[in-house]
Amino acid sequence: MVFSSYLFIFFFLPLTLLLYYASPNRWRHLCLTLMSYIFYGWANPAFMFLMFFTTCVDYSNGRFMQMAPRHKKIFLSTSIVINLGILAFFKYFNFGLENYNAALTALGLESYCYRGFFRVVLPLGISFYTFQSMSYVIDVYRGDAAVITRFIDYACYISMFPQLVAGPIIRFQDIARQLQHRVYSWEKFSRGIAFFMLGMAKKVLLANPCGKVADLAFETGGSLSCLDAWYGITAYAMQIYYDFSGYSDMAIGLGLMLGFVFAKNFDSPYKSKSITEFWRRWHLSLSSWLRDYLYIPLGGNRKGVWRTYINLALVMLLGGLWHGASWNFLIWGGIHGGWLAFERAQGKHSFYRKLPSVLQVACTFLIVLLAWVFFRALTLPEAYRYVGSLFALTKTPPSSLLIRGLIYNPYYLGHFFLAGILVWAAPSAWDFSRKLTAAKISWCIIVFIMALLTLITQGYNPFIYFIF
Amino acid sequence: MSNPKVKKRSREEIAKIEIGNTDIGRAGKSCLCVFFLLLIFVYPCIQILHEAGSRSPLRQLPSLSLFARLGETGGSPSLMAFNRNLTAAVKQYEDELETSSILQKLLLPPTQYLLSKYFHLGNEKVVIGKGGHLFYRHDIKYLSSPGFLDSEQLREGHLTGRQADPLPAILDFHRQLKERGVKLVIMPAPVKPMLYPEQLGAAKGALNNRSFELFKTKLEEAGVSVIDLCESLTELRGKGKEVFLKTDTHWTPEAMRAAAELIAKNIGGTRSAMAGTPQSLSSRGDLARMLNLPSDSKLIEPENISLTIHDKVPERQSEILLLGDSFCNIFSSDALHWGSSAGLPETLAALLGQGIDLIARNDAGAYASRELLARELARGRDRLAGKKLLVWEFVSRELMEGDWKIIPLELRETGSVDCFSVEQPTVIEATLAAVSLRPRPYSAPYSDHVMALHLVDINDGLQQALVYMVSMENNKLTGAAKLRQNERVKIRVMPWVDCEERYGTWSRSEINDDELLLWQPLWGEMP
């Protein structure tokens, strides 16, 4: 189920709000957990059991740590091995198999290749909830959070539907107190509604039309004209930003409606003047998770200059792999990791820092754009072809030009330029909704109605981060 | 000077402070909450009341039918099957919820009208070209995508569970026919963007998928004749003739006739003087219907065409068998709304001066017609007896998105399967063991659809039957479309042969059970 769907807005959400607020306080976590399991199981009911298993494993390990503090390390290791084992199996089995077959073929041992039909289906949001669940055990191990006693509270934390399948990744230490006590107020609820409305408008009115252009550009397999290629990848950059930040805004809004406060996940990332700054503004919940649970344990910047560079690159490579099992994601992570290390060597500044601010933003955006090619392309050869098309290095088949009749439609062009203007000129949803005046409320309602109309009348509505 | 002992606030602490500082007046708060809550709570109630107006039992109302659907998934043979059925039931519920939404019904046509009129924007299926020609989105994809024989494309196709490579299926079909002494000629029918690329921003000329030349060469090397229509249709267009209908995915009568002439020439048939009855008609094509504009909209005008009706009818004893899809059925079968008895089979028969045998079904050209042929043989009806030539027409886009499964042609004895049969219309009561899929209205190029039902416990006996029924007519779902697995129903059934001529060419979904394919089907209607 997705937030921007008819079913969610008119059936699931009202029913959830009704049951949640009609329940006495002590039943609310149970109510939210049940509704979250329905939300999660909607796409494939079998995966509810996997999430339940992860929940049981980490809840038990937390309790064991409390009962036998001397053996904390064993329980931590058990939890990490099981969580990463599940993640590795579901997310990387197919990738491993492909590479195993490719390696054998390269060695001339084709007869040993696996030719069976067994493939693993990726459960929705597994990367998100596994990281959340691991954060609990690590926080308890480090003493940063107290052990949770009620199983239902923990199940509620892991399964909470607003952030379950596409984040933001909520760390246990940050939400532990809210699980014990939270404040409900109409101010909070209203701001939640504003967040939800703005998020849905971002998703439906901006991300979807840009996504259509990007899909058409990449449908050619990467062989298209130079101009079309730049238009396509810029449209993808707009799509992924509005899609993911719109989803995060909706998640934050739903959280507020249920009394939870989630932290900011995006902070106008395309306004960054360096890649280092970009990662302080993009997918903050993931970058801070990687920093606190990977970069710092690896030694961070405390073990010398070269080790810092290696740690940065390694964390970003793993961050790339977290997004998906393919060489493309590794290369995407590698580009960012390499650039972060490069900027670190220059005192966390870009080499173009002496240019005017506008050009610094443009240069950073260009680097991000080139990296997005690897993120979006389905295969490595397609990514190479696409990069070739960006610099007019590949031959354009005449049939690729057919997409022009679609991507240069005034509707898509209009939305593309609007998305571009808003990316660099509009305030973030947090800033916009801080002071909700009558005019701003009217805007929220207008864009929400427009988004609803578009949603009901148009079929194209993918969510990029669902596949991670 | 900053105090180093002050701990940096976490993102969550900042967020809490930020939310705590929300500045909103009482009126604003009320306005936002009342608007949002009214919208999400009141609309579903209106929808349910609207559905209740149809006087169906409450549990069958689209908005409330979830539990009824979940109940149908009981009795699955394994956990995997249970999960699969559960997922399908949930998906079906969500689809039905959306299609029955009064908001969608009210808003979709006028919104589409505004988008089409002011932005020249089609929808997920239809693209509006520069000169007013409408295009099918999948046809464009066939051309703009990488070659259908590229390893990446084939791999992607396999991952979706279909046999993506057309060559093994065609070569195997060729081999089986050769064993029966029948020559195979294939004719991939072009798609509109191949001949009208300039309407979509590309240069004028004829285009094809990047793998087509390789595909053609490989088949010809294996001894399969391939009729490539591109050149002759480009030539025809050069003479100022339209080769595709403006508002339809299919060709014009002129292009169809050119195709028939090329087939006749290719198979070396004697071309006789064509005689027939001229007829003019006016209609809107499948693409115009898929746009789902308001019924009184004049945005897309009907097209006028001239047909030549021939009196040749399909002849089972002919030496020539034509297998085809909707390119065969257009102008031949009323189901496509462009007249009848003037399509490719009739024109080809008139050109050759002899009747031809025909097996054609709209949609799924990669396998549907071959499957029908195989089923005929399996039921003991030898449609290959006495045949010397088989012409197989399918639309080119099937080369990229079709399921090219290998289908064995095995002739079996008549009546080897015992299933329920009737001589005349009879009302029976039975349980639905399985129901095939039905499309969503306006989601396919065909506005009519036939579904398959597997009936068991007929009249409380042990007999079973395979029944075909209309599930969608003119983009409107029929009562049969609401039938569900495990439901006990009353159906009026009659012999399939009585209705085959009319409904046999319609787009049809089958039940995924090979054994059922051997049964003699019945035709069904709600009593």
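Quick caveat: nothing in here was measured; it's all calculated off a predicted structure. A, B, ... follow the sequence lines: proteins, then strands. Residue 1 opens every chain.
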Under 4.5 Å heavy-atom distance to chain B, tell me which part of [X] shows up: side chain, backbone, both or neither.
X	value
A:Leu256	side chain
A:Asp174	both
A:Thr379	side chain
A:Lys435	both
A:Leu378	side chain
A:Ser433	backbone
A:Ile38	neither
A:Arg182	neither
A:Ala438	neither
A:Pro45	both
A:Lys440	neither
A:Tyr412	side chain
A:Phe262	backbone
A:Ala194	both

For chain B, find which of A:Ser400, A:Ala46, A:Gly221 contributes the most heavy-atom pairs closer than 4.5 angstrom.
->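 Top count of heavy-atom pairs under 4.5 Å with chain B: A:Ala46.
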
Heavy-atom pair count under 4.5 Å with chain B, highest-scoring of A:Leu15, A:Leu224, A:Thr220, A:Ile441 |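 Result: the option with the highest number of such pairs is A:Thr220.
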
Single hit among A:Glu187, A:Arg434, A:Arg191 for side chain to side chain donor-acceptor pair (under 3.5 Å) with B:Thr22 =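 Answer to the side chain to side chain donor-acceptor pair (under 3.5 Å) test with B:Thr22 among A:Glu187, A:Arg434, A:Arg191: A:Arg191.
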
Knowing that exactly one of B:Lys125, B:Arg397, B:Lys192 qualifies, which makes a salt bridge (charged side-chain N to carboxylate O under 4.0 Å, His left out) with B:Asp139?
->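 The passing option is B:Arg397.
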
Quick one: are the ring centres of [X] and [Y] less than 6.0 Å apart?
X	Y	value
B:Phe212	B:Phe148	no
A:Phe195	A:Trp430	yes
B:Tyr142	B:His138	no

Without swapping roles, check the side chain of A:Ser5 against the backbone of A:Val2 for a donor-acceptor pair under 3.5 Å.
->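 The answer is yes, because a donor-acceptor pair under 3.5 Å joins these two groups.
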
Does the A:Tyr231 side chain pair with the main chain of A:Ile407, one donor and one acceptor, at a distance under 3.5 Å?
->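 Yes; at least one donor-acceptor contact below 3.5 Å.
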
Output the option from [options] having the highest count of non-hydrogen pairs under 4.5 Å with chain A.
options	value
B:Leu32, B:Ile128, B:Leu108	B:Leu32
B:Asn208, B:Val42, B:Ile14, B:Leu207	B:Leu207
B:Leu97, B:Val127, B:Ile24	B:Leu97
B:Tyr118, B:Phe135, B:Tyr93, B:Phe41	B:Phe41
B:Lys130, B:Gln104, B:Lys141, B:Gln153	B:Lys141
B:Leu37, B:Asn209, B:Asn123	B:Leu37

Let me know if [X] has heavy atoms under 4.5 Å from chain A in its side chain, its backbone, both or neither.
X	answer
B:Val90	both
B:Thr111	side chain
B:Leu115	side chain
B:Arg11	both
B:Leu200	both
B:Arg137	side chain
B:Glu156	side chain

When A:Phe39 is tested against each of A:Phe12, A:Phe47, A:Phe11 for ring pair (Phe, Tyr, Trp, His ring centres under 6.0 Å), which residue passes?
->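 For A:Phe39, the ring pair (Phe, Tyr, Trp, His ring centres under 6.0 Å) check succeeds only for A:Phe12.
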
Donor + acceptor pair across side chains of [X], [Y] (<3.5 Å):
X	Y	result
B:Glu51	B:Gln47	yes
B:Asn292	B:Gln112	no
A:Arg171	A:Ser285	no

Heavy atoms, side chains only, cut-off 4.5 Å: are B:Phe215 and B:Leu149 in contact?
->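 A side-chain contact under 4.5 Å exists here.
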
Is the closest side-chain heavy-atom distance between B:Gln199 and B:Lys204 below 4.5 Å?
->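 Answer no - side chains too far apart.
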
